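What you see is a predicted model; the values in this text were computed from it and never measured. Scope of the values below: all heavy atoms of this structure, side chains included, with no hydrogens, waters or symmetry mates.
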Amino acid sequence: MSILSKGQTKTSVQSTPAQFAQRTAAAANNRFSLLAIHLYAQLTVGLCFYLYRHVSTPSYMSILLLFVPLSVIYFLSLHLGKTENLLSTPLGKCAGMLFIFCLLIDALMSLAAFTALVREMLPDYNSALIVLASLICVMPAFRARNPHALPSLAHLLRFPLLLAFAFSMLGTLNQGNGGNLFPLLGMDGKRIFTGGLWMCGCLSPVLSPLFLSGPLQKTQKRKGFASLSVALLLGAGTALLAAYLLPFYFLSRPETVGTQLLLFLKVNTSLLAWSLMVCGMMLLLLISLSCALSQCCRLFGCITRKNLSPWAGLLLLPLPALATDGAMEWLVALASVRGWLLAGVLLAALIGTIGRKDRKSA
């Protein structure tokens with residue numbers, strides 16, 4: 001910020017280190033905005049692929065249970081991320097590769113959800129063509145020439161996305177019924193905990209601070225935790241509102257993923273709500289897909305010193321392109337593995353940091 005006084009220009013940034021710190025703080029805020037959007041997208045996809053069918057009404061309880069593992073993973077990642085040259089050690093590289101596999105499953109889930117969403121609106125379109133078109137849209141994520149572009153875009157779009165979903169969802173409150181929240185524990189109380197365990201795989205964005213390029217200040221750490229916590233609460237709020245609006249048997253019956261992504265349009269039938277919900281959901285899933293792929297490319301480059309080919313995106317094509325019940329079951333099974341992969345990343349990083357020095361703060 002500049003101030004003109006007595007013919008001279010003065011600025012609040014008095015030195016190069018201060019200017020660098022200011023830019024670093026802005027980059028950290030943008031990065032956590034992207035991670036929060038990615039987390040909310042994965043929670044929403046998890047609701048449609050698993051929780052609505054297997055947990056139904058108390059799905060919001062399963063998501064709220066994630067607050068404990070989110071806190072543990074986040075602060076443990078910050079602690080382990082202070083280790084100098086973690087990715088240069090064998091165990092650090094192992095942790096990085098496990099995290100890459102987890103991110104690829106995230107990308108696969110977002111891509112499958114995006115394909116299902118488009119097919120819900122355009123059922124005559126070929127799924128393989130939809131998947132190819134989606135991958136072409138996110139092709140710049142494979143190159144990552146400007147690592148700040150996607151976080152800056154996510155930071156800019158966070159409030160428009162929030163307003164779009166709020167208009168479509170909260171506009172249905174007067175049509176809800178508190179009786180729809182019962183039975184309170186759904187089909188079985190145990191399903192709440194098993195649903196929470198399955199959804200632990202959605203917490204890959206919380207692990208990202210482990211592989212940041214530099215240390216974070218205390219203010220940035222608090223803001224990052226707040227952003228991720230808000231994303232978790234919004235995911236729980238989405239599940240709670242769905243249970244409030246729709247009866248138990250409606251949520252638990254088998255529906256396509258595309259139908260469940262647009263669940264609130266069953267109640268809010270206005271044209272504006274339809275447009276905002278569809279556009280917002282498509283943008284949300286594309287940002288999530290780009291986030292997962294860009295992190296994969298960056299980590300792969302740090303570990304192997306080579307660039308990941310854009311053709312690697314074709315590995316994501318088969319399951320979403322099939323769009324069959326069997327393919328969806330395979331996706332759910334793959335997604336359940338993510339929780340174990342995250343545990344493996346933390347364990348490998350924890351062992352790999354023993355005896356190593358912390359990085360110096362910039």
Taking distance alone, no hydrogens or angles, what donor-acceptor pairs closer than 3.5 Å link side-chain atoms of residues 160-174 to residues at least two apart or in another chain?
residue, atom, partner, partner atom, Å
S168, OG, A164, O, 3.1
S168, OG, A273, O, 3.2
T172, OG1, M169, O, 2.5

Flag yes if [X] and [Y] sit in one hydrophobic cluster, no otherwise; membership is Ile, Leu, Val, Met, Phe, Trp, Tyr, and two members link when side-chain heavy atoms are under 4.5 Å apart.
{"X": "V72", "Y": "W198", "result": "no"}
{"X": "L78", "Y": "L76", "result": "yes"}
{"X": "I136", "Y": "V138", "result": "no"}
{"X": "F159", "Y": "M281", "result": "yes"}
{"X": "L65", "Y": "L197", "result": "no"}

Residue pair [X] / [Y]: nearest heavy atoms and the distance that separates them:
{"X": "P69", "Y": "C200", "answer": "CG-SG, 4.2 Å"}
{"X": "L47", "Y": "M199", "answer": "N-CE, 4.4 Å"}
{"X": "K221", "Y": "L216", "answer": "CE-O, 3.3 Å"}
{"X": "M277", "Y": "L261", "answer": "CE-O, 3.8 Å"}
{"X": "H155", "Y": "N29", "answer": "ND1-O, 3.9 Å"}
{"X": "F182", "Y": "T57", "answer": "N-CG2, 4.4 Å"}

Is any side-chain heavy atom of [X] closer than 4.5 Å to a side-chain heavy atom of [Y]?
{"X": "M187", "Y": "F248", "answer": "yes"}
{"X": "Q295", "Y": "S208", "answer": "yes"}
{"X": "L322", "Y": "P318", "answer": "no"}
{"X": "L181", "Y": "L240", "answer": "yes"}
{"X": "F250", "Y": "K266", "answer": "yes"}
{"X": "N180", "Y": "L246", "answer": "no"}
{"X": "L316", "Y": "V131", "answer": "no"}
{"X": "L43", "Y": "L66", "answer": "yes"}

Excluding sequence neighbours, so at least two apart, what forms side chain to side chain contact (heavy atoms under 4.5 Å, CB included) with [X]?
{"X": "I303", "result": "L87, K93, M97, I100"}
{"X": "F225", "result": "F67, L70, S71, Y74, F75, S229"}
{"X": "A226", "result": "none"}

task: Output the rest of the hydrophobic cluster of L347: all Ile, Leu, Val, Met, Phe, Trp and Tyr residues reachable through side-chain heavy-atom contacts under 4.5 Å, sorted by chain and number.
output: L91, I351

Quick one: pull up [atom1] in [X] and [atom2] in [Y] and give me the separation to the nearest 0.5 Å.
{"X": "L314", "Y": "L132", "atom1": "CG", "atom2": "CG", "value": "7.0 Å"}
{"X": "L153", "Y": "S33", "atom1": "CG", "atom2": "OG", "value": "11.0 Å"}
{"X": "L129", "Y": "S134", "atom1": "CG", "atom2": "OG", "value": "10.5 Å"}
{"X": "T44", "Y": "L263", "atom1": "OG1", "atom2": "CG", "value": "11.5 Å"}
{"X": "S152", "Y": "L157", "atom1": "OG", "atom2": "CG", "value": "11.0 Å"}
{"X": "L299", "Y": "L98", "atom1": "CG", "atom2": "CG", "value": "11.0 Å"}

- request: Let me see the working for L319 and L334 under side-chain contact (heavy atoms from CB on, under 4.5 Å), right down to the final yes or no.
  value: CA-CA 11 Å; L319 286 178; L334 271 176; 3.9 Å; yes

Test item: [X] side-chain N/O and [Y] main-chain N/O as donor-acceptor pair under 3.5 Å:
{"X": "S59", "Y": "V55", "result": "no"}
{"X": "R191", "Y": "H54", "result": "yes"}
{"X": "R222", "Y": "Q217", "result": "no"}
{"X": "R53", "Y": "C48", "result": "yes"}
{"X": "S294", "Y": "C291", "result": "yes"}

Result block: side-chain N/O donor-acceptor pairs under 3.5 angstrom for residues 106-122, not counting sequence neighbours:
residue, atom, partner, partner atom, Å
D106, OD1, R338, NH1, 2.6
D106, OD2, H38, NE2, 3.3
D106, OD2, S204, OG, 2.2
S110, OG, Q42, NE2, 2.9
S110, OG, D106, O, 3.3
S110, OG, S288, OG, 2.9
T115, OG1, L111, O, 2.8
R119, NE, S127, OG, 3.4
R119, NH1, Y125, O, 2.9
R119, NH1, S127, OG, 3.3
E120, OE1, T256, OG1, 3.2
E120, OE1, T259, OG1, 3.0
E120, OE2, T259, OG1, 3.2

side-chain contact (heavy atoms from CB on, under 4.5 Å) between T353 and H79, intermediate numbers included: CA-CA 10 Å; T353 55; H79 176 70; over 6 Å; no

Neighbour count >12 (heavy atoms, 6.0 Å) for atom CG, N307: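 No - once you tally the heavy atoms of other residues, nucleotides and ligands closer than 6.0 Å, there are 12 at most.
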
field: Heavy-atom neighbours of D325 CG exceed 12 at 6.0 Å
entry: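 Counting neighbours around CG of D325, 12 or fewer heavy atoms of other residues, nucleotides or ligands fall under 6.0 Å, so no.
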
message: Run the side-chain contact (heavy atoms from CB on, under 4.5 Å) test on L232 and L64 for me, step by step, so that the C-alpha distance in whole Å, both residues' side-chain angles and the decisive distance to 0.1 Å come before the verdict.
response: CA-CA 7 Å; L232 182 68; L64 288 176; 5.9 Å; no

task: Go through the steps to decide whether Y40 and T238 satisfy the test side chain to side chain donor-acceptor pair (under 3.5 Å), and finish with yes or no.
output: CA-CA 10 Å; Y40 178 73; T238 301; 2.9 Å; yes

- prompt: Step by step, would you call C94 with T89 a side-chain contact (heavy atoms from CB on, under 4.5 Å)?
  reply: CA-CA 9 Å; C94 177; T89 65; over 6 Å; no

field: Sole residue of L207, I73, L80 in side-chain contact (heavy atoms from CB on, under 4.5 Å) with V345
entry: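 It is L207, the one option of L207, I73, L80 that forms the side-chain contact (heavy atoms from CB on, under 4.5 Å) with V345.
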
